[in-house]
Colleague: 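Got a structure here, written out as structure tokens. Questions coming.
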Amino acid sequence: MRFWKREASLWTMGFVVLVLLCALTGLVFGDAKPKACLDLRQFYSSKGFSLNEVPQTEISGEHLGVCSRSYTCCTSGMEENLLNLSRREFETQVKESGRTLQASLNSQFKSFDDYFLELFNRSEASLQTSFQTGFGSLFSQNAKVFQDLYSDLRHYYRGSRVNLEEALNEFWARLLERLFKALNAQYMIGEEYLECVAKQSETLKPFGDTPRELKTKITHTVIAAKTFSQGLVISGEAVRKVSEVYMSTECVRAVMKMTYCPYCSGVAFAKPCSNYCKNVMKGCLANQADLDSEWRNLADSMLEVADKLSRPYSVDSVVLSLPKRIAEAILYMQDNLNTFNNKVFQACGSPAQSSKSEDQIKRGRNTAEEVSGTPGAQLEKLLSDVSRMLRDMMQYWVHLPRNLCLDRESELSETDGCWNGMKVDRYLPEVMGDGLASQINNPEVEIDITKPDMTVRKQIMELKIMINRLKYAVNGNDVDFQDTSDDISGSGSGMCAGDQCSRDTRLSVPNTDKPIVYGYPSENKKVVKGRSSQNLPCVSLYLLSLVTVLLRR
């Protein structure tokens, strides 16, 4: 009897301990009810999706291909929608960043282009006004020669296939013909005789040293200005084309996992860890980062040309002093006409006297204004603004991943509560380097480094060609350059209007037959809060107590 009382007492104590343990287990692991999906439903609806497919409470995530397969608020259809949303948002973000730089390049091009063309306009207007006053009929009878000169200069600057040196030589040859006939109106001078005069001009130098000096200054200045403006256009086009990023399937998965998997996992508040975000972006923009070397070289070369444009004699002083230098050449010929005529008559023979009686043209006057050899305030500011922009944009492509993470990543430190791709915890992997070759061990984006993006490679070649032109331009030389770009216009607008640059590629959930390797333990192995299976510790304790009692018997 005493034995049975003692056994009953043990059973009572075991039952009480069992109840207490089960109660404590409930406090530790939570209740068995699944969590509601309120945060996800609100977010999903705000993105324009229907709530019909969103579960009210968490479900098993075995169907997911990107996010964690533990309990989730996302269905496979929702995951597909979020994949496509990730693609659209990321492409838009890259394009908008590119458009900002592109707009800056286009603005600087327009400012420089407007300024340089206005120099031509001011110079030509000055020539017309001063020559009408200083040379009278001698100018009015030959005005087209001067008009054609400025037309050739504008066409060359605009990129037409005009040989600048030949255009200048042609100007002086035509001017010599017109002036020789006008200043020797008492003679009958035909085309054959003028051909002989032209041959003598190479040694007799009817205009003095002005044609040679002016050709050197004009060619150096206009070549530099033309190449500089082309560099701004090519840069803007490179930004536009490279910013039309193609997202690989792996990149889509990585961006989706970083951006929207926290919502599916019930931690919508969590933002990506800083280094985690950088690895995703460096993987997705690996090809773009390969522009870095040539992009820097391009900026350096353009800075050299900008410096040349501001040196004495600066671009504005050379263009604006053109009327005065031409007037000096004409006056030189007038002052030395008798000497020139005598030498020409010796070489070509004396021309026959004309039966017409015409008044001899009086010596003209140089009324063109003198132009300072230092750059004006407007040019200095213009070149200063362009130079500052060029320095700021040098690291654009390698800084792009970091800049795109600024609005995404957590403000907390890496040791605090940030999303690491699997859960809210630290992010352990190191940050990858820049460029395609550095992504071989990227833990977030799987990339085939043997298959570079051909659009980016083409732009790298475009930059190399432009750099070569700029280096020649620094020394006042032009190169025979055929632009291989299929849509770069002389206007330099370079902007992609509306959605013309966007792709409409549809993405679907990628095949998940291949196992996914993570840098962290799978969440399937950890205890999940609030599940019915979490009552198992109570059953185990009960069985353990029963075995203990039986053994003691």
Side-chain angles (χ1 to χ4, degrees), residues 113-158 162 164-165 167-185 201 205-222 225 309 312-338 340 358-380:
D113 186 61
D114 289 346
Y115 179 84
F116 195 71
L117 291 176
E118 181 59 24
L119 284 181
F120 281 140
N121 294 339
R122 289 168 57 193
S123 179
E124 185 173 17
S126 173
L127 184 144
Q128 290 176 351
T129 302
S130 61
F131 277 36
Q132 285 173 352
T133 302
F135 295 97
S137 61
L138 187 63
F139 168 72
S140 59
Q141 293 171 8
N142 302 286
K144 192 173 187 309
V145 176
F146 303 103
Q147 293 171 2
D148 289 345
L149 170 64
Y150 280 94
S151 178
D152 285 340
L153 291 175
R154 288 189 184 92
H155 284 145
Y156 174 81
Y157 168 73
R158 279 301 198 185
V162 175
L164 187 56
E165 290 194 11
L168 291 171
N169 291 337
E170 178 68 15
F171 163 74
W172 292 112
R174 290 177 62 197
L175 185 61
L176 174 61
E177 290 180 1
R178 299 293 187 90
L179 291 181
F180 187 80
K181 289 183 68 173
L183 296 174
N184 293 286
S201 65
K205 296 183 179 180
F207 298 114
D209 288 331
T210 298
R212 179 183 58 82
E213 294 173 354
L214 200 57
K215 182 166 69 173
T216 299
K217 291 179 181 179
I218 285 291
T219 54
H220 281 218
T221 296
V222 180
L309 291 170
Y313 295 81
S314 64
V315 57
D316 52 357
S317 66
V318 170
V319 175
L320 293 177
S321 64
L322 189 56
K324 187 172 182 63
R325 301 286 86 81
I326 295 174
E328 289 173 351
I330 296 173
L331 293 176
Y332 181 91
M333 181 174 179
Q334 282 187 298
D335 292 341
N336 297 277
L337 182 62
N338 291 334
F340 181 70
E358 298 187 17
D359 296 333
Q360 187 175 4
I361 296 176
K362 295 181 180 180
R363 184 185 187 278
R365 292 178 295 116
N366 190 350
T367 60
E369 295 181 359
E370 183 68 45
V371 179
S372 170
T374 58
Q378 185 178 355
L379 177 63
E380 283 188 333

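Because the structure is a prediction, the values reported are computed rather than measured. Below, all heavy atoms of this structure are taken into account, side chains as well, without hydrogens, waters or symmetry copies.
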Colleague: Side chains of Leu337 and Asn184, heavy atoms from C-beta outward: is any pair under 4.5 Å?
Modeller: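 Counting from C-beta outward, Leu337 and Asn184 do come under 4.5 Å.
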Colleague: With a 4.5 Å cut-off on side-chain heavy atoms, are Phe139 and Thr133 touching?
Modeller: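 Contact flag for Thr133/Phe139 side chains = no.
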Colleague: Are Val319 and Arg122 close enough that some pair of their side-chain heavy atoms sits under 4.5 Å apart?
Modeller: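 The answer is no, as the side chains (C-beta and beyond) never meet within the 4.5 Å cut-off.
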Colleague: Could you check whether any side-chain heavy atom of Phe171 comes within less than 4.5 Å of a side-chain heavy atom of Ile326, counting everything from C-beta outward?
Modeller: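 Touching, per the 4.5 Å side-chain cut-off.
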Colleague: Are any non-hydrogen side-chain atoms of Tyr156 and Val222 less than 4.5 angstrom apart?
Modeller: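 Result yes, sub-4.5 Å side-chain heavy-atom pair found.
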Colleague: Among Leu322, Asp209, Leu168, find the one that has a side chain to side chain contact (heavy atoms under 4.5 Å, CB included) with Leu214.
Modeller: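 One option only clears the test, and that one is Leu322.
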Colleague: Aromatic rings Trp172 and Phe207: how do their planes relate, parallel, tilted or perpendicular, breaks at 30° and 60°?
Modeller: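 Answer is tilted, since the angle falls between 30° and 60°.
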Colleague: Taking the inter-plane angle between the rings of Phe120 and Tyr150 on a 0 to 90° scale, is it parallel (under 30°), tilted (30 to 60°) or perpendicular (over 60°)?
Modeller: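 Ring orientation of Phe120 relative to Tyr150: perpendicular.
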Colleague: Any side-chain to backbone donor/acceptor pair from Thr129 onto Ala125? Under 3.5 Å, distance only.
Modeller: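 Yes, the answer is positive, given that a donor and an acceptor are paired below the 3.5 Å cut-off.
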Colleague: Going through the checks in order, is the side-chain contact (heavy atoms from CB on, under 4.5 Å) test met by Leu119 and Leu379?
Modeller: CA-CA 11 Å; Leu119 284 181; Leu379 177 63; over 6 Å; no
Colleague: Can we say Glu177 and Arg174 salt-bridge, meaning some charged N sits less than 4.0 Å from an Asp/Glu carboxylate O?
Modeller: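 No salt bridge links Glu177 with Arg174.
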Colleague: Taking it one step at a time, do Leu153 and Leu164 satisfy side-chain contact (heavy atoms from CB on, under 4.5 Å)?
Modeller: CA-CA 7 Å; Leu153 291 175; Leu164 187 56; 3.6 Å; yes
Colleague: Apply side-chain contact (heavy atoms from CB on, under 4.5 Å) to the pair Ser140 and Ser137, showing each step before the final yes or no.
Modeller: CA-CA 5 Å; Ser140 59; Ser137 61; 4.0 Å; yes
Colleague: Could you report the tightest heavy-atom contact between Lys205 and Tyr332, atom names first, then the distance?
Modeller: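 Heavy atoms of Lys205 and Tyr332 come nearest at O-CE2, 3.7 Å.
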Colleague: When you compare the side chain of Leu138 with that of Gln334, does any pair of heavy atoms fall below 4.5 Å?
Modeller: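 A side-chain contact exists here, since the closest heavy-atom pair is under 4.5 Å.
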Colleague: Are Val162 and Arg154 packed together at the side-chain level, in the sense that at least one heavy-atom pair is separated by less than 4.5 angstrom?
Modeller: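 No, every pair of side-chain atoms sits at 4.5 Å or beyond.
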